[in-house]
Each structure stands twice: as structure tokens, then as C-alpha cells.
Amino acid sequence: LATALDRHLALVGFMGAGKTTLGLQVAERLGRTFVDLDREIERDLRRTIPEIFAEQGEVGFRVREQEAALATLRGGPPAVVALGGGAVNSPKIREALREHALTVYVEVEPGIAWERVQGKGRPLAQDEGSFRALYEERQPLYREAADAVARTLDDVVLAAAGVHVAIGALEQLGGLVPGGGPAALVADAHVAGIHGMDAQLALGPRLASTHTVSGKTADDLAGLWRSLGIDRAGTVVALGGGTTTDLAGFAAATYMRGVDWVAVPTTLVGQVDAAIGGKTAIDLPEAKNLVGAFHWPAGTVVDPALLATLPDAERRNGMAEVVKTGLLAGEPLWELADEELVRRCAAYKSAVCLRDPHDLGPRRALNLGHTFGHALESASGYELPHGRAVALGLLAALRLSGRDPAPVVEILAPEPVPVDRQRAWEALLRDKKGRLRIVLLGDDGAFERELPEADVRSALDELISG
Ligand SMILES: NC(=O)c1ccc[n+]([C@@H]2O[C@H](COP(=O)([O-])OP(=O)(O)OC[C@H]3O[C@@H](n4cnc5c(N)ncnc54)[C@H](O)[C@@H]3O)[C@@H](O)[C@H]2O)c1
């Protein structure tokens, strides 16, 4: 795995695979420019591709294509780039893809591709027999050039974020950790007893050491720093929930001024939220997540089958984030079965974070409900489970947005909690640093709005019993 964080996201694949349609959609979700190389060439030469083929032959077209592809891939801010079906024949283009892009092979059945392109005057789609032969010939080239294979929009987004979601992914871990260097496995102590052996076996000869952890304090961090024992070529592999991935990710961000890390989230919170987006942190006695870093994992390996052993209370914590994601996405994602639920939620968070890796704007939408949730958690002295706090927070956010709170009520059944009202209010003001900008939900997704103090306070009060 690798990511498209600081590089182009290139789409390769056969004609009729839908590279242009998908490319436009992905570019919109990631907030990037979309470059369709075939269209660029047509615009530059003021001729259609069939005209270029007719005038200059396929060889003439390929020369132009290589020029255009190299110029685009070697320059400019990270964009989404769709390449023509034959572009991967050029070794120079393949090399530029390796150097400057995260490349996704957009796969399609040859029959479907033929249906889409036949009769459209494409020079290389004149008859079905030679079309299918060309498909067979090019398949291996696409696979060789690509870092990932995808068919849907969500899968392209996940590939761009370096996230691999599949039942059984844990068994493939050895092959999914980028590079060839040694791996230091950092595992939640409890999870190590359940899934640790599978992870160790999957890492095979690359496994250099195993470290069990049980928290994310400065002491836990120092213990890890001192025992990791890898060099700059090594990779930290974190196996556990958000506590473990936050700790191991921050250790990786700081150890030897930064080594690669791979997240293997084992909780629902981890799979749909904590292990995605590159935020890492430890807790200090003064505040949670007070010290941290942005350090995007080189890969995130998500195996929804690992959720089978998760206690119900932990699952409920995760469902609160799932409902939040569904509300933001405008789709009842909470109704899906685990694998699809995780895939869709992980893709949603991946897109928002790729768009705003350093939390400077769009990513704030992910705080929907969290301002209230944090205030309640803090007022309870962190006795209140995170999921319950977020569920209540979502309720407040929906009420303030004037929207139907039914999904939150039906799926998460939040009950008011007996915490000190003044303490909760003070915690909310601290969290907001004096400005009452609250994330609300509108028809087109979330937005921030500064609200009158009285409205915010009464929304918070409604979440508190007694
Ligand atoms: N970095 C981020 O963007 C981000 C986002 C959300 C939360 N977080 C952080 O995540 C942390 C919470 O993480 P969490 O909710 O995943 O909980 P967690 O990591 O604390 O794990 C909760 C419990 O579940 C157990 N467990 C984990 N996986 C299991 C499995 N598959 N089977 C059985 N037991 C399992 C663990 O041993 C632990 O007891 C907080 O510290 C929070 O700050 C970070």
C-alpha cells in the first residue's frame, strides 16, 4: 500500500472502464482538479482522437500521449489524472506513474466495456474480437502499473488513502505492509491474546519484535520509544483500537524523527474513524490528546472479521460514529452489514481527510455532535462511554439543526446523563475556546455556525438528567 496524499491519483484501465466518470467524482470528493489526458490532447491539437489516429496513425498519437502524460505527472499540485487505455504501454509513463502517482487500475468486464464503447468511432474498438484480444493483452500491464485495483468510487477513495478493507485482510498483512524492512508489531495487550498470533504469522520473516501496550499515556509512549529497536527502514505495525493506533502512530511519528507505520484497527471506532486520516496523539493528565502529530499511515489494513470478538459496549461506541457518518453522508449506512458498513464509513472519512489532511476546514464537519459529547464526557470525569456521549451530542446537533433526530434515537437510544450542568457547560466553553461555533447538519451536509449562548446551553441542558 501507499497513498495519494502528496501525489497525483492516476486512473489506468481499459477503454469503457469508466475512468472519466469515476475520475470526475473522485476529484470532486477529494477537492482536486481532474485531468482527462485524452481530452487534454484533443484540446491541444484541436482534433478528436479518431482524427489524430487518421492523420498521424497510432504511433503519432502515442508520441503526443506520452508528452502530455509526462508533463502532467511530473508537475502541478496533486490532481486526479485519467490516462488513456493504451498509455501504460509506454515504459516512460509507467516510470512517471511509479515516481509521481498513486495508480489505481479501474477494472471492468470486457463485455461491459464493449457495450459502452461500440459504435462510438473509437479507433481501437472497431470489432469485438480484436477489442477483447487487446483487453487480454493489456490486463497484465495495468496490474503491473497499479498500486491498487478498484471498481467503485469508494474503492478508489480508499486506495487513495492507502486503506485496504477486506474480510481476511489480517492474513494478508505481510504483503500489505509497504517496503521490505523489518516490522515492529505494537499490539493492544488484550487483542494480542486474541488476534496477535495471526498478525505475527502474517508478518512472517518481517516480524522483528512484538510490543504489547494498554494505554496511550506519556509513560506508554516512552516505553515504546525505548523498546522499538527498529531503524529508519523499519515499520511500526499497530494492532488494536484507537488507543493503540493513536499511541503507535505517534511513536512512529516521533521515533528517529519519523518512521513508517501501518494501522490494523480492531475496534469499530478504529475501523471507521480512529485509524484513518493520520491524526495520532497521546493523553496527558491535563487533557486527552494534548500531544500529537499528523502522521498518515503508509497503509491501513481493515479486516471487519476482527469485529466478531469485540464486546457489545465497544461496538456501541463505534455505532455512534457510524450514525454520525451516515448523517453526514446522507445515507443510512448504519443499516449495512459489517463489511459494507465499514467500507462505506472508512471511505467517507478517508475522502474528508484527504481533502483536508491538516484539519484546516472541511474536516471539522467530522466533529458533528462532538462538542456536546466531549463536554459530557469531561463533566462525567470520563466515566461516560464515548459512544453514549457522542449519541447525546448528535441528538443536540440535530435538534439545533432543526432536523429529525429519529436515526439517532432509533439506533443509539441515547438517555440523558446525570452530570453536573455547570461542569459540562464550562467544559464545552473550554473545548470551544470561547467561540460557540457549532457543527450543524443541512440538506447538503454539515456546516459551522456561530450560535447564541442561550441556545447552546439549553441544548446541552436537555442532555442532562436530574
Ligand atoms: N486519531 C483519531 O482520529 C481518533 C479518532 C477517534 C478516536 N480516537 C482515539 O481512540 C481511542 C478510543 O479507541 P477505541 O474506541 O477503538 O477503543 P480502545 O482502543 O481503547 O479499545 C477498547 C477496548 O476494546 C478491546 N478490543 C479492541 N479490539 C478488540 C477486538 N477485536 N476484540 C475484543 N476486544 C477488543 C481493547 O482491548 C479495549 O479494552 C481514544 O483514545 C480516542 O482519543 C482517535
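Just so you know, ligand 1 is whichever comes first in the structure, and atom 1 is the first atom listed for that ligand.
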Have a look at K216, R363, K349 and point out the one with the heavy atom closest to atom 3 (O) of ligand 1.
K349

Quick check on contacts: which atoms of ligand 1 are under 4.0 angstrom from a heavy atom of N289?
43 (O)

Under-4.0 Å heavy-atom contact between protein and atom 15 (O) of ligand 1
yes

Report, in ascending order of atom number, the atoms of ligand 1 lying under 4.0 Å from any heavy atom of I194.
32 (N), 33 (C)

Should you measure from each heavy atom of V191, which atoms of ligand 1 turn up under 4.0 Å away?
26 (N), 27 (C), 28 (N), 29 (C), 35 (C)

From T266, L247, V272 - option closest to atom 31 (N) of ligand 1 by heavy atom
T266

Counting heavy atoms only, which of T309, D246, L366 is nearest atom 1 (N) of ligand 1?
D246

If we number the atoms of ligand 1 from 1 as shown, the ones under 4.0 Å from a heavy atom of L306 are 31 (N)

As an exercise, identify every atom of ligand 1 less than 4.0 angstrom from a heavy atom of G241.
16 (O), 19 (O)

In this structure, CZ of R363 is separated from NZ of K279 (nearest 0.5 Å) by 5.0 Å

Pick, from I276, T243, V213, the option with the minimum heavy-atom distance to atom 20 (O) of ligand 1.
T243

Within 4.0 Å of some non-hydrogen atom of D273, the atoms of ligand 1 are 5 (C), 6 (C)

Classify the ring geometry between F250 and W225 as parallel (under 30°), tilted (30 to 60°) or perpendicular (over 60°).
tilted

I need the nearest protein heavy-atom contact for atom 7 (C) of ligand 1: residue, atom name and distance, please.
A274 CB, 3.8 Å

Quick one: which ligand 1 atoms are inside 4.0 Å of a heavy atom on D188?
36 (C), 37 (O)

